[in-house]
Amino acid sequence: MSTPQLDKIYDPKAVEARWSQIWNERGYFHASPTHPGQPYCIVIPPPNVTGSLHVGHALNHSIQDILIRWRRMQGRNVLWLPGTDHAGIATQNVVEKQLMAEGASRESLGRERFIERVWQWKATSGNTIISQQKQLGESCDWDRLRFTMDEGLSEAVREVFVRLHQDGLLYRGERLINWCPRCLTALSDIEVEHENIKGKLYSIDYPLEQDPTIRLPVATTRPETMFGDTAVAVHPEDPRYNRLIGQRVQLPLTNRTIPIVGDAILVDREFGTGAVKITPAHDFNDFEAGERHGLPRLPIFDRQALLDRPGLKSAGVDQAVIDAVAALPAIKARAKIEQLLKDRALLTKVDDHPMAIGKCYRCKTVVEPYLSPQWFVKIKPLAEPAIQAVEDGRIRIIPEGWTNNYLGWMRDIKDWCISRQIWWGHQIPAWYCRHCNKDLIIEDAAAPASAAQSPRLTILQGATPIVGKAAPSICSGCGGQQFMQDPDVLDTWFSSALWPFSTLGWPEQTPELKTYYPTSTLVTGLDILFFWVARMIMMGLKFMGDVPFRDVYIHALVRDAEGQKMSKSKGNVIDPLHVMEQFGTDALRFTLASMASPGRDIKLAEERIEGYRNFANKIWNAARFAHMHLAPTGELHPPVDHTFPGLWIRSRLNGAIQTVTTELEVYRFDRATSALYQFFWHEYCDWYLELIKPVLQDPLHPHGSATRQTLQDTLEVFLRLLHPFMPFISEEIWQSMPHKGETIVTQPYPVPQAHWHEPTAEDTFRLFEQTVGLIRTGRALLNYPPGHEIPVFVAHEEPAANTMLVTIQENLAHIGRGRISPLPISEWPTSDVLRLVADGITVSLSVERGVDLQKALDRLMKQIAETDKEAQRLDGKLNSADFVSKAPPEVIADHRNRLRALSRDRAMLTNSEQQLRAMLGA
RNA sequence: GGGCGGAUAGCUCAGUUGGGAGAGCGCUGCCCUUACAAGGCAGAGGUCACAGGUUCGAUCCCUGUUCCGCCUACCA
């Protein structure tokens with residue numbers, strides 16, 4: 001901007017790239033524990049290393065950058081710590097897809113080479129999102145970039161695992177878990193997305209063993225699991241069936257009989273047939289019911305959720321049936337079985353039935369409850385302090401409304417399944433002595449149906465793990481020296497849960513850890529409140545003995561303009577990079593901040609971004625204007641500006657500083673941006689710059705230099721106020737103006753100045769604005785050509801306004817292009833005038849030739865009608881005994897005053913009406 | 001099934017100790033006024049979802065209803 005006479009239009013592209021680079025090169029974002037100032041730290045929610053910047057990131061990161069830049073300017077010792085997440089399943093999927101394209105697979109490569117391959121991929125493609133973040137202007141300390149599988153973070157993971165194990169909070173158990181048959185791994189409960197579908201409820205007759213003519217009707221939505229049934233449950237108090245408890249039924253299509261048990265927990269007498277099959281290996285409820293009744297578990301699906309031939313065989317299924325259904329996926333098997341049961345007249349009813357199915361959050365495959373040995377974290381002892389921390393306010397959730405959501409979930413939390421049967425991730429630091437567990441380690445493909453792991457290696461339930469940070473050297477049981485590490489890796493969220501302290505160096509007691517932990521604010525979307533936030537709180541409390549952050553700010557989800565969730569498959573994704581290219585990064589950031597209202601999802605529309613692009617351009621052009629009138633530099637005693645415009649704009653700027661700061665403190669980015677926009681566009685540009693133009697354009701004006709000084713000072717303060725929101729343009733303009741310091745990034749954030757506050761100037765301005773408004777309205781009404789100066793009569797009913805009118809007179813010549821007559825209303829000319837009234841101000845304009853009188857009259861009549869309506873309303877209230885006796889006195893007085901003003905207005909309007917009618921008649 | 005949020009101008013949304021309904025975009029009219037036409041000025045447009053209740057007075061507080069969205073959940 002050294003050549004301000006150039007571009008009328010702000011071109012963000014070159015500017016942004018340049019500053020982004022300079023900021024990073026000069027290390028403005030670098031944090032150090034030795035820096036002065038109270039620490040302020042945010043750890044970024046690490047985006048997936050596979051990711052590229054989507055609009056959700058853009059929102060999340062913009063908010064954090066606003067907070068960080070604001071606090072940095074406030075002089076805090078700021079650290080914004082960036083990083084990426086190894087994203088186990090997601091990353092593995094990406095690389096496996098590549099392999100598939102090459103005709104290979106992870107199995108064909110083998111574990112070690114596969115992992116190498118993933119690291120290779122990370123080295124070449126894993127930093128995409130980081131460079132995009134820099135493009136967004138994020139003021140992270142990039143030197144501290146971390147990755148969840150860094151050496152240090154992996155050390156933290158092992159340390160935590162071992163300590164949890166020592167404290168008895170880890171166990172390995174054969175449980176029913178959510179299994180993704182495509183990813184071939186366990187998922188935690190929250191990694192399953194539920195979807196409502198139209199299912200069917202089947203009623204199947206199970207004949208009684210003793211008397212096959214008596215049949216027990218069993219209701220199920222999943223007939224294909226029936227081969228795994230090990231009992232049928234009825235309600236113990238159900239008169240229809242309870243006498244049958246203890247008897248056995250023949251399981252159709254098999255050679256097995258299964259018992260009838262009474263179970264009041266599982267069975268709802270009112271629902272279905274009142275009899276429920278129990279399939280402990282394939283249903284969560286049934287698993288628990290099976291525990292209660294000591295029932296065996298018969299898995300009949302394999303890892304891919306196909307009907308498993310050996311499983312069916314050992315479940316005693318008829319050979320013909322096995323041949324019909326083996327290796328079929330559940331849905332197809334269901335149709336076959338439906339037919340087989342129909343053939344035997346055992347399928348008595350099929351009803352429509354809405355139901356929910358679970359899908360893998362990564363690949364949307366229907367998950368299958370699956371029996372397998374997995375590692376779990378005993379979560380209740382960890383959840384308890386995490387509930388406490390939020391209840392007693394050590395952690396604040398903003399907006400507050402989500403607190404109950406958090407507490408509800410935490411109070412009902414289930415043990416956390418942390419093992420995953422994939423290769424990319426932190427391999428579980430547990431080893432098994434080959435000798436002691438020789439029957440439980442299976443290293444070929446002939447694993448049983450419950451074998452979760454790779455067919456090449458399965459560690460069955462019952463094996464004894466030795467947990468430690470490194471492989472043991474000798475087995476304390478048998479003295480053996482051959483060990484097998486657990487092949488599973490940890491849930492990706494396990495390492496993310498440690499993020500606030502692992503990234504600061506834990507378990508080492510680093511200066512960073514001491515300075516920046518607990519961190520200040522966590523900014524996140526609701527979608528990972530449970531995945532991540534809750535677990536960070538639990539882990540932080542457990543291992544640091546303190547909360548990981550003070551405030552959790554939860555922002556909305558970004559949707560498209562139709563309110564649809566953005567997704568690649570829908571093709572409705574707004575690409576932030578494209579937006580930044582088209583409208584500028586500042587515009588995107590400002591838009592997102594302006595839409596971050598609590599309690600509502602964000603529907604992003606391009607028009608809105610365009611609007612803020614225009615705002616950036618407006619700022620640019622105001623700066624160009626200021627450049628034309630820069631104050632002389634190097635003056636020892638810059639003149640003090642006591643003019644009305646100067647006093648007024650400083651007072652307004654002061655208000656804006658106050659508002660923006662207050663709103664930032666309560667995370668109301670929408671209101672902060674709106675204050676910036678409103679102030680700059682509609683006060684600074686629309687009024688202030690217009691007010692001072694005559695002064696600036698007169699080289700001999702006595703207030704010239706004072707005005708120039710104010711113009712420049714207020715713009716400079718505004719740029720600092722704006723900087724956290726629009727870092728690029730604020731820096732660019734700031735640099736082009738007289739300034740002290742290298743960069744706006746580290747300049748102090750504006751602070752309200754008591755001596756800037758000028759209530760009188762603000763009152764005067766309100767009157768001035770009203771007056772000008774009335775003149776302009778009248779001018780438009782009377783079709784005065786622009787630039788044509790007209791005589792104007794102005795009066796105000798308040799005596800105090802008279803001194804203000806003097807100020808107004810001084811400024812009116814330019815803005816309103818009118819001159820005020822000093823005459824009192826009673827002495828105004830009684831003919832050829834149109835009088836307009838508002839809030840006690842009366843403005844009178846003379847009518848000239850060429851005016852559309854009818855139009856003027858129409859408008860006048862409308863105003864009269866509105867005035868009457870309002871007067872009637874007020875009058876009604878003031879005549880109500882209830883109102884007068886019960887309403888607060890100040891409200892009554894206010895009503896009276898308004899009514900009085902209205903009646904005066906009405907008189908003026910009537911006068912004008914008569915004038916106009918007379919002229920129309922003439 | 002449980003819980004939460006939303007319904008205000010054509011669109012997207014603000015609006016707290018309850019007292020005269022706002023912004024941006026869009027629309028209409030007039031202006032290329034030497035910072036900005038990505039601009040300026042003026043203007044049109046709203047039973048604040050519906051029905052009750054509390055109150056002198058309700059967009060706001062309470063109850064119910066409808067519609068939309070989200071979270072959560074094992075009704076087989």
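Just so it is clear, the values below take in all heavy atoms, side chains as well, and ignore hydrogens, waters and symmetry mates. What you see is a predicted model; the values in this text were computed from it and never measured. We name chains A, B, ... by the order of the sequence lines, and we start the count at 1 in each one.
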Face-on cation placement of A:K693 at A:F625 ring, 6.0 Å and 45° thresholds: yes

Candidates B:rC36, B:rA42, B:rA76 - which lies nearest the side chain of A:N621: B:rC36

Listed nucleotide nearest any side-chain atom of A:D268, set B:rC75, B:rA42, B:rC25: B:rC75

Sugar-phosphate only, base, or nothing, as touched by A:F271 at under 4.0 Å among non-hydrogen atoms: base

A:R671 side-chain N/O to B:rA14 phosphate OP1/OP2 under 4.0 Å: no

Sugar-phosphate, base or nothing in reach of A:E870, heavy atoms under 4.0 Å: sugar-phosphate

Phosphate OP1/OP2 of B:rA35 contacted by A:W681 side-chain N/O (<4.0 Å): no

Nearest-angstrom distance, P atom, B:rC48 to B:rA21: 10 Å

Sugar-phosphate, base or nothing in reach of A:R668, heavy atoms under 4.0 Å: sugar-phosphate

Touch class at under 4.0 angstrom, heavy-atom based, for A:G778 against every strand present: nothing

Phosphate OP1/OP2 of B:rA76 contacted by A:H353 side-chain N/O (<4.0 Å): yes

Residue A:K8, side-chain heavy atoms: nucleotide from B:rA76, B:rA37, B:rC74 that is nearest: B:rA37

N/O donor-acceptor pair under 3.5 Å between A:T220 side chain and A:Y202 backbone: no

Residue pairs fulfilling salt bridge (Lys or Arg N to Asp or Glu O under 4.0 Å) with at least one residue in residues 268-290 of chain A, sequence neighbours excluded: A:D229-A:K277

A:R776 side-chain proximity, nearest of B:rG19, B:rA35, B:rA42: B:rA42

Nearest-Å distance once atom C1' is located in both B:rG5 and B:rA49: 15 Å

Electrostatic pair A:R613-A:E610, nearest N-O below 4.0 angstrom: yes

Sub-6.0 Å ring centroid separation between A:H353 and A:F271: yes

Heavy-atom donor-acceptor pair, A:D875 side chain to A:A871 backbone, under 3.5 Å: no

Ring center gap for A:F883 and A:H895 short of 6.0 angstrom: yes

Side chain of A:K618 (C-beta onward), nearest among B:rC36, B:rG24, B:rA73: B:rC36

Donor-acceptor side-chain pairing of A:Q872 and A:D868 below 3.5 angstrom: no

Euclidean distance, A:L711 CG relative to A:I692 CD1, rounded to 0.5 Å: 4.5 Å

Sugar-phosphate, base or nothing in reach of A:L266, heavy atoms under 4.0 Å: base

Distance below 4.0 Å between A:R608 side-chain N/O and B:rG24 OP1 or OP2: no

Non-neighbouring partners of A:K359 that pass side-chain hydrogen bond (donor to acceptor under 3.5 Å, both in side chains), sequence neighbours left out: A:E195

C1' atoms of B:rG45 and B:rG6, separation to the nearest Å: 24 Å

B:rU65 versus B:rC75 - spacing of their P atoms, nearest Å: 24 Å

Side-chain N,O (A:H629) to OP1/OP2 (B:rA35) below 4.0 Å: no

Short side-chain N/O contact to B:rA44 OP1/OP2 from A:K862, under 4.0 Å: yes

B:rA73 and B:rG2, which share atom name P, separated by this distance in whole Å: 15 Å

Side-chain donor/acceptor of A:R613 to base of B:rA38, under 3.5 Å: yes

Side-chain N,O (A:N405) to OP1/OP2 (B:rG3) below 4.0 Å: no

Aromatic plane relationship, A:Y667 with A:F669 - under 30° parallel, 30 to 60° tilted, over 60° perpendicular: perpendicular

C1' spacing across the pair B:rC61 / B:rG24, given as an integer number of angstrom: 30 Å

Atom C1', compared across B:rG69 and B:rC74: separation rounded to whole Å: 25 Å

Any A:T273 side-chain nitrogen or oxygen under 4.0 Å from OP1 or OP2 of B:rA76: no

Dot-bracket pairing map - RNA chain B, Watson-Crick plus G-U, both contacts under 3.5 Å, | cross-strand: (((((((..((((.....[..)))).(((((.......))))).....(((((..]....))))))))))))....

Below 4.0 Å: OP1/OP2 of B:rA76 and any side-chain N or O of A:R222: no

Same-atom distance (P) from B:rC70 to B:rC36, integer angstrom: 47 Å

Test of ring centre spacing under 6.0 Å for A:F725 and A:Y612: no

Sugar-phosphate only, base, or nothing, as touched by A:H282 at under 4.0 Å among non-hydrogen atoms: nothing

N/O donor-acceptor pair under 3.5 Å between A:S203 side chain and A:V218 backbone: no

Of residues 223-232 of chain A, the positions that come close to RNA chain B - non-hydrogen atoms, cut-off under 4.0 Å: none

Given B:rA76, B:rA35, B:rU72, the nucleotide with the shortest approach to the side chain of A:R624: B:rA35

Residue A:H682, side-chain heavy atoms: nucleotide from B:rC71, B:rA38, B:rG24 that is nearest: B:rG24

By side-chain hydrogen bond (donor to acceptor under 3.5 Å, both in side chains) - contacts of A:R668 (at least two apart): A:D670

Touch class at under 4.0 angstrom, heavy-atom based, for A:V884 against every strand present: nothing

Can you check nucleotides 53-61 of chain B for protein contacts, nitrogen or oxygen pairs under 3.5 Å, and list what you find?
residue, atom, partner, partner atom, Å
B:rC56, OP1, A:K886, NZ, 3.0

